[in-house]
Structures are given as C-alpha cells and as structure tokens.
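Since the structure comes first, as structure tokens, the remarks are kept for the end.
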Amino acid sequence: MIAWLAVAALGIALGALALALTSQRRQRQALQLQLDATAAELQQLQHACSRLAPAGVVHRLVADGAGAANEPKAERKVATALFSDLVGFTALSEQLEPAVLARMLNGYFQRMSDAVHEHRGHVSTFLGDGILAYFGAIHPNAWQCDDAVRAALAMRESLRDYNVELAREGLPQLAVGIGIHRGPGLAGLIGSRERMEYGFVGRTVNMAARVQSLTRVHGVDILVTDDLRRELDACFELDPMPPANVKGIVEPVVTYAVRRWSPVPQALATAPSGGSAGRQRAST
C-alpha cells in the first residue's frame, strides 16, 4: 500500500513538473515572438528615421536612448557643402502635369542622392528642386573635398543617362548647376521639439548656394571655390573663372569650373601664381 502511494505521489509530481515545463516553454515561445516582433518594429523605425537623419546618428540614438540628455551633441566641424539646383525648372513645372512632374523629380532626386551616398556624402535636405549635401560633417573624412567633386561628376553622368530615359518618353531634358565649398560650421541635430534634423549650418552652406548661382553666370554646371581647390587632388582638371560678385559676400568670389578627373595630374601652370595646384591622393 505504501509503495503504491509512493508511486502515485511520484506520478503526480512528475505530471505537475511536465505541466510546469510545458507552461514555461509556451511562455518562452510567446516572449520570443514578442521579441521578434519588437525587433522587426525597431528595424522598421530605424529605417524610417534614417530617411530623416544619417544612419550613424540614428544608431547612436537607439543605442543610447532617445532622451534629450542622450542626443548627439552639436559640434563645430570643417566640412564640405554641395548645393545643386535644376536650371529653369520653375518654368518647366508650369508646363507639366503634376503626376509627371513628381515622377521626374523623384527619379532625379534618387539618382542624385545615389551619387552623393556612393561618395561618402549625406543628403541633408531637398529644397524645392534643390539638393543640399554634406561631406565630412558626420564622420571625419580627410578626402571630403575629393569625394564631393567626384560626387558632382557622378551626378553629371547620372543626369546625362536620366535625360536619355526622359527623351525616350518625350519629356523635356534637365540641366543642373552645382556649387561646392569647404569651410567651418555647426554640425548636429537642429530643430524644434516636434521636428529635428541633422544639419550643418553656417557661412559654408551659404557660400555653396551662392557659388551654385554662378553656374548660370559662367555657363558651366559644376563650380568649386578657391578654398576647396587648394584641398583637391591634382588630377581634377579645373578651369579658372573670372571673379564675380555674389549677394552677401563683399569681395568678388573666385571659382573654378570642374571639367573631369584625369589619371594624369593637371599641369602646375594652370594654378594661379603663388597658389597650389592641389594635392594628389595616395589611392583612388
């Protein structure tokens, strides 16, 4: 009798243990499903936020927490600003249907953004039909000037290909003006409590925009400032432009039109007297 009771007690204990293990297994499975769902939502949120701020900034916010105390601090940096604008697009926009215009702009923005990202740049914002991009504002980049000009050349080539596609559809061709300048500014998350974006503010951005406007004056598509030229690889072929006055700048601005990048450095004779023809990059 006692043996039978012991066996029965053992059976009950084993049954209870099995039920407990089954319950724990189900709880773990439910928790794992919740964790997977949360991870997927977090990944989608990071992807969505990366469209508003650089991926590196988003990852830092996620890792440190999104509270105000953990926001990346603004800091002064020397960076390169690239400003591009479509030529004559205001008049063109009045001739096209809204759906066609939006499709043309989206295709243009995608191709230009790809060119910037492929050369270690960050598209900060779209201003109407304009694009503002930075190089060296997020991560240190000793070759930020080279990368910016390479990106501009890639934008030129990409726009040429895009115009071929537009021509096949019977749509008008696009033309762009690009201005590039290097200088100091304030980099970081800037905005209100409701909306913030990663930006680079200061005179450098204003100068890039002013230089872009000079592309119409000189009849070229890519212009760089003298400050940027001094930092460029000597293999970029540049044409000096006549100094020109721009709004907000006291002295006439000296600019250079970018023709192309060549494996053979541009002749030193093309540099202004007393200036530098640029530095040559160790590896391209």
Under the criterion side chain to side chain contact (heavy atoms under 4.5 Å, CB included), I'd like the reasoning laid out for V253 against R210: C-alpha separation, chi angles, the key distance, then a yes or no.
CA-CA 9 Å; V253 176; R210 298 288 185 259; over 6 Å; no
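- Both I178 and F135 are members of a single hydrophobic cluster when ILVMFWY side chains are connected at heavy-atom separations under 4.5 Å.
- Contact annotation: the side chain of I180 approaches that of T80 to within less than 4.5 Å [non-hydrogen atoms, C-beta and beyond].
- Atoms NE2 and CZ, on H139 and R120 in that order, are 11.0 Å from each other to the nearest 0.5 Å.
- In this structure, E157 pairs ionically with R160, as a charged nitrogen and a carboxylate oxygen lie closer than 4.0 Å.
- One distance of note links CE of M112 with CG of L86; it measures 8.5 Å at 0.5 Å rounding.
- Crowding of E97 atom CD: a count of heavy atoms from other residues, nucleotides or ligands under 6.0 Å not exceeding 12.
- The closest side-chain heavy-atom distance from I131 to Y108 is below 4.5 Å.
- The environment of CD in E169 is crowded: more than 12 heavy-atom neighbours from other residues, nucleotides or ligands sit within 6.0 Å.
- Under the 30°/60° scheme for interplanar angles, the aromatic rings of F200 and Y134 are found to stand perpendicular.
- Surrounding CZ of R216 are more than 12 heavy atoms belonging to other residues, nucleotides or ligands, all under 6.0 Å away.
- Between S84 atom OG and D221 atom CG the span is 11.0 Å, to the nearest 0.5 Å.
- Residues V116 and L174 share a single hydrophobic cluster, defined by chaining ILVMFWY side chains whose heavy atoms lie under 4.5 Å apart.
- Two different hydrophobic clusters hold F83 and V254 under the rule that ILVMFWY side chains link at heavy-atom gaps under 4.5 Å.
- Ring pair W261/F236 is perpendicular by interplanar angle, where above 60° counts as perpendicular and below 30° as parallel.
- With 3.5 Å as the limit, one finds a donor-acceptor pair spanning the side chains of D114 and Q110.
- With Q173 as reference, N163 is the one residue of L159, L92, N163 to meet the side-chain contact (heavy atoms from CB on, under 4.5 Å) rule.
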